[in-house]
Every structure is written in C-alpha cells, then in structure tokens.
Enquirer: 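I have a structure here, written as structure tokens, and I will follow up with some questions on it.
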Amino acid sequence: MKTHDDVLRGRSLPGLLLIDGESVPAVSGRTFETIDPATGKVLGQVADGDAADIDRAVAAARRALEGPWSRFKPIDRQRVLLRLADLVEAHFDDLVLLDILDMGVPIGTLAPRRTRAVAMLRYYASLAVTLHGQTIENSLPGEVMTYTIKEPVGVVGAINPWNSPLVLSIWKIAPALATGCAIVLKPAEQAPLAPLRFGALCLEAGVPPGVVNVVPGHRAAGAALAEHRDVDKIAFTGSTEVGQSIIRASAGNVKRVSLELGGKSPNIVFADADLDRAVPAAAMAVFANSGQNCLAGSRLFVQRPIYDQFLERLAAFTRALRVGDPLVPETQLGPVVSHHQMTRVCDYIDKGRAAGARLLVGGKRLDDSAHANGYFIQPTVFADVDDGMAIAREEIFGPVICALPFDTEDEVIRRANATSYGLGCGIWTLNIHTAHRVMRRLRNGTVWVNCYNLLDVAVPFGGYKMSGYGRESGLEHVEEFLHTKSVLISVQ
Ligand code: NAD
C-alpha cells in the first residue's frame with residue numbers, strides 16, 4: 001500500500017491562480033499552505049487570491065464573454081463539454097487523488113463520484129443544444145408576434161465549500177459552459193487543488209481562455225467576487241451565515257443570486273420500516289464523507305416501538321465502520337478536512353454530553369499513533385437527544401448522529417419542520433399512504449423515501465427556508481444562468 005509520501009513523490013501539484021488561460025501568482029505574491037488532513041502535513045503552497053486577483057479574473061471573463069466565447073454556437077459548447085467529459089473520465093484517478101489528499105475522501109468510496117462527475121458533464125452538454133425560448137400567443141390589439149429568447153446571464157461568480165471539491169466545481173462550471181456564461185470560481189481555501197486541475201482541463205477541452213477562471217483564496221476573495229459590480233450572478237454553496245452576507249453584498253448591482261446552504265435534515269423511521277435497509281442507510285446518511293455533507297440526515301427520528309432495537313443495530317453497524325487513511329481501499333470514513341473542523345465537531349460532541357444526551361458509540365477523535373497527526377473522529381451516535389439541544393438544532397458537519405424517539409405522525413412532522421433549515425429529509429415506511437402523506441407535509445427541497453442521499457443530475461436539488469434558493473441539476477439549473485428576453489414585433 002502506498003503512503004502519502006509515496007503518492008506525492010515526483011508529482012507536481014497545481015499552486016497558481018488560473019486567470020485568462022494562464023497560471024499566475026497572486027498580485028500580492030502571497031501564498032497559503034494546503035494541508036493533507038490525514039497526516040497534518042503541508043501538501044504545497046497555493047497562490048492566495050484577493051480582490052486584485054478577482055478584478056483581473058472578472059475582467060478576463062468579461063472579455064471572453066464579449067469576444068471569442070460569444071461566437072460559440074450551442075453545438076460548439078456541447079462539443080467542448082463532451083470533450084471535457086472524456087478528459088475527466090480519462091484523468092479521473094489523477095484528479096480525484098487531489099481530493100483524497102486535500103480533503104481526505106476515501107479512495108474506496110470514489111466510484112459513484114466518477115459516474116456522477118462524467119454524467120454531469122454529458123448532461124449539461126445535452127442541455128447546451130436544447131435551450132430555447134417560446135413563441136407566445138397574445139391578445140394584443142393588431143397583429144403582434146411575441147416570443148422569448150434565452151441569453152446567458154453574463155459573468156458568473158461561483159463560491160464553493162470544501163466538501164466535494166471536484167464535483168462541486170463541475171456543478172458550477174458545466175451549466176455556465178452550457179449556457180454560454182463566463183465564470184470565476186473561488187474554491188474553498190481548504191481544498192483548492194482539484195478545482196485548479198479541472199480548470200486546466202477546461203482549457204485542454206477547447207474552452208477559450210478567460211471563460212473559466214479559478215481563483216483560490218480566503219474570505220476576502222469570496223467577498224470581493226460577491227460585491228463585484230461587473231459580476232452578473234453569484235452561485236454560492238456554503239454556510240447559511242455566509243449566504244446571508246452574499247445576499248447583502250449582491251445588493252450593490254442587484255446581481256442574481258442562487259444559494260445552496262446548510263441543513264439539519266430529518267430522517268424519519270416509522271415502526272413498519274424495513275430495518276435491514278433503514279439501519280445502514282441511516283448510518284451512512286450521516287457518516288458518508290465523514291459527515292461533511294449538507295444533506296446529512298443528522299436528526300434521526302425513530303418511532304418508539306422499534307427505537308431500542310433500531311439503536312442497538314445502528315450502534316453495531318457504526319462500531320464496525322472502518323475509519324482511517326483515505327488511501328487504504330477498505331477505509332469507509334476518512335478524516336475531516338481540517339484541525340479547525342475537527343475541533344468544532346469535538347466541541348459539539350462535548351456539548352451533547354454536557355446537555356445530557358446518551359453517548360451510544362464513538363465520541364472521540366482517533367489519537368493513537370497511526371492517526372494522531374490527522375483529523376480523524378470516531379463515528380458517533382447520541383441517543384435520547386432532546387429537540388432543544390444544540391446538537392439537535394445546529395449543523396455539525398461531522399460524523400455525529402442525533403437519535404430522537406417519536407410516537408405519532410403529526411408529532412414527528414411538527415418536530416421535523418421545527419428548524420430554520422429545509423434541505424433534505426428521509427422517510428422509512430412500507431406503507432405507501434404514510435409515505436405520500438408525510439412527504440407532502442415536510443418543508444424540504446428533497447424527500448427520499450426508503451433511500452437517502454441519492455442525487456441525479458436530471459433531478460433538481462436545493463433548499464427551502466434558510467437552506468437557500470435556486471436549484472442545481474435538472475432543467476431548472478440552467479435557468480439560473482439564463483435571462484429571458486421578451487420580443488414583441490408589430491407585423492402590420
Ligand atoms: P463557508 O460558508 O464558511 O465557506 C464557503 C465558501 O465561502 C468558501 O469558499 C469561503 O472562502 C467563502 N467565504 C467565506 N466568507 C465569505 C464571505 N463573507 N463572502 C464570500 N465568500 C465567503 O462554508 P464551509 O464551512 O466551507 O462549508 C460548509 C457549509 O457548506 C455547510 O453549512 C454546508 O451545509 C454547506 N454546503 C451546502 C451544500 C448544498 O448544496 N446546499 C453543499 C455543500 C456544503
């Protein structure tokens with residue numbers, strides 16, 4: 001088995017900003033360290049973009065938008081996206097190795113990401129040639145022809161979190177390319193490597209310089225993009241708190257905003273559920289990606305008659321999970337992304353204990369000699385959690401399940417909805433009437449019935465309430481990147 005040092009030996013990692021088709025240092029000359037969360041070691045230095053670099057990138061995007069990119073017909077944009085899909089497929093192992101090293105995603109869990117990454121690019125390629133307006137019958141006096149056309153919204157600023165660097169980059173860049181927009185992506189400071197490499201692949205696929213720019217940096221770079229007067233739209237994924245500041249920053253030029261924000265999703269198991277399926281799925285609804293998942297079904301409501309049995313099985317499943325080095329094929333949970341995130345999650349675990357929740361499994365970081373330098377946390381299950389506890393109300397973004405017993409359908413719907421978030425939710429029941437009834441009453445953007453965490457590129461995804469607005473995936477996604485222009489022509 002290769003160690004992290006073996007994998008890094010002789011490999012050059014991306015470390016410069018990608019602006020106007022060139023790899024360049026930051027105007028300030030500053031760099032920051034990117035860290036391997038499995039070892040705590042520095043992987044490399046990355047140029048630290050700030051407002052001056054965002055200015056350069058936005059100017060390059062505007063030039064490209066008004067220049068060569070505007071002459072790309074839908075079929076040309078489709079060709080580029082299809083080439084990009086082929087390149088991602090061919091270079092996937094190399095690309096995703098950057099995610100393994102930069103944020104700790106386990107190598108053995110990558111097959112679905114490969115499928116998803118390539119499928120996304122091919123899906124948006126198909127949309128590139130199907131975008132169209134409508135001819136509309138009207139009731140105006142005289143002969144007037146009315147129709148709409150779709151136009152790219154313009155320069156898009158995209159800001160991402162760390163939890164799935166490659167796939168989140170594709171999720172922002174592919175719809176921009178399909179619709180003819182130009183884009184400046186500010187990836188998360190914790191995991192900038194795969195987004196930079198993907199930006200370089202866009203050039204290789206034939207995307208003209210300046211259409212895709214990637215500017216790693218910190219809060220200041222994101223804020224500069226959100227405030228920028230020459231950015232037409234911000235597509236943001238991240239915390240609700242930062243989402244709120246994006247809305248405020250967007251007011252300056254009333255730019256369009258779409259927000260994929262946080263969650264505290266309920267996963268509801270009724271007494272008639274198929275427990276053989278529900279137990280492992282409920283565990284992985286939180287533990288996948290070490291809990292760093294906006295969709296995590298972290299409020300696990302279990303109906304009283306099966307509560308004890310369910311928790312016993314959940315605890316056994318959790319104890320058997322393999323936590324460790326993401327380069328080991330058998331590993332199911334890697335580290336969390338940073339020391340800061342590990343401390344934050346461990347603080348929540350302490351709060352849960354102090355508030356009186358019953359710790360069933362886990363509850364500690366791994367501090368044996370093999371793991372002590374990395375940021376590993378045991379998958380953790382709290383039982384008998386009270387709705388009012390911080391661990392039941394706030395997004396932990398780590399491998400922590402809060403199990404809560406419930407008695408009746410009305411009660412669980414009321415409690416599931418009693419949150420400011422509304423991203424996803426799960427329902428486990430073999431009764432189709434229960435499934436339909438409960439699904440309609442839950443205030444969430446996505447409902448899974450007898451499954452969890454399934455995402456498909458053709459199915460819209462997004463939040464209700466403070467989980468954000470706008471949709472990614474599906475036809476609704478490209479609408480976020482398009483203007484509708486109405487045309488009225490007198491034909492008399
Ligand atoms: P974060 O909001 O702290 O940071 C996200 C990005 O915003 C980073 O690139 C960061 O540099 C940038 N940023 C920080 N302050 C900014 C500011 N004032 N203006 C502009 N940009 C700024 O989020 P995080 O901690 O990196 O990620 C975790 C959060 O992301 C969780 O809340 C999670 O639920 C959410 N998330 C949501 C989805 C979704 O699709 N709904 C997907 C993944 C993650």
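These figures come from a predicted structure and were not determined experimentally. Whatever order the structure lists them in is the order used to number ligands and atoms, beginning at 1.
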Enquirer: Using 30° and 60° as the class boundaries, would you call the ring planes of Phe376 and His371 parallel, tilted or perpendicular?
Expert: perpendicular
Enquirer: Suppose I only count heavy atoms of Lys186 and a 4.0 Å limit; which atoms of ligand 1 are within that range?
Expert: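 Listed by number with element: 8 (C), 9 (O), 10 (C), 11 (O).
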Enquirer: For atom 27 (O) of ligand 1, which protein heavy atom lies nearest, and how many Å away is it?
Expert: Pro161 CB, 3.2 Å
Enquirer: Under 4.0 Å from a heavy atom of Glu260: which atoms of ligand 1 are those, numbered in the order shown and with their elements?
Expert: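 In order of numbering, the contacting atoms are 37 (C), 38 (C), 39 (C), 40 (O), 41 (N).
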Enquirer: Heavy-atom pairs closer than 4.0 Å: do any link ligand 1 to the side chain of Asn160, the backbone, both, or neither?
Expert: backbone
Enquirer: For ligand 1, does Thr240 get within less than 4.0 Å through its side chain, its backbone, both, or neither, judged by non-hydrogen atoms?
Expert: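 Contact part for Thr240 vs ligand 1: neither.
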Enquirer: With a 4.0 Å heavy-atom cut-off (strictly under), which part of Glu472 contacts ligand 1: side chain, backbone, both or neither?
Expert: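 Glu472 to ligand 1: no contact under 4.0 Å from either part.
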Enquirer: I want to know if ligand 1 touches Ser467 in the polar sense, i.e. an N/O pair below 3.5 angstrom.
Expert: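 No, since none of the N or O atoms of Ser467 sits under 3.5 Å from an N or O of ligand 1.
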Enquirer: For Ala188 and ligand 1, answer yes if some heavy atom of the residue is under 4.0 Å from a ligand atom, otherwise no.
Expert: yes
Enquirer: Say whether Trp171, considering both its backbone and side-chain N or O atoms, lies within less than 3.5 Å of an N or O atom on ligand 1.
Expert: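 Such a contact does not occur with ligand 1.
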Enquirer: Report yes if Ser239 has an N/O atom closer than 3.5 Å to an N/O atom of ligand 1; otherwise report no.
Expert: yes
Enquirer: Would you say that more than 12 heavy atoms from the other residues, nucleotides or ligands in this model lie under 6.0 Å from the NE2 of His218, or not?
Expert: yes
Enquirer: Give the numbers and elements of all ligand 1 atoms closer than 4.0 Å to a heavy atom of Phe461.
Expert: 40 (O)
Enquirer: Can you confirm if the NZ or CZ of Lys233 lies within 45° of the ring axis of Phe481 and under 6.0 Å from the centre of its six-membered ring?
Expert: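 The answer is yes, since Lys233 meets both limits relative to Phe481.
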Enquirer: Please list, in number order, the atoms of ligand 1 under 4.0 Å from a heavy atom of Glu189.
Expert: 8 (C), 9 (O), 10 (C), 11 (O)
Enquirer: Below the 3.5 angstrom mark, is there an N/O of Leu168, backbone or side chain, next to an N/O of ligand 1?
Expert: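 Checking ligand 1 against Leu168, no N or O pair falls under 3.5 Å apart.
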Enquirer: Using a heavy-atom cut-off of under 4.0 Å, does the side chain or the backbone of Ile246 touch ligand 1, or both, or neither?
Expert: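 The side chain, only.
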Enquirer: In terms of side-chain geometry, is the basic nitrogen of Asp387 or Arg393 positioned less than 4.0 Å from the acidic oxygen of its partner?
Expert: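 Here Asp387 does not pair with Arg393 in a salt bridge, since their nearest N and O are not under 4.0 Å apart.
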Enquirer: May I ask you to decide whether Asp53 forms a salt bridge with Arg56, counting only side-chain N to carboxylate O separations under 4.0 Å?
Expert: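 Between Arg56 and Asp53 there is a salt bridge, with a charged N closer than 4.0 Å to a carboxylate O.
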Enquirer: Quick one: which ligand 1 atoms are inside 4.0 Å of a heavy atom on Ala223?
Expert: 19 (N), 20 (C), 21 (N)
Enquirer: Ser245 near ligand 1, heavy-atom distance under 4.0 Å?
Expert: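 So Ser245 counts as touching ligand 1.
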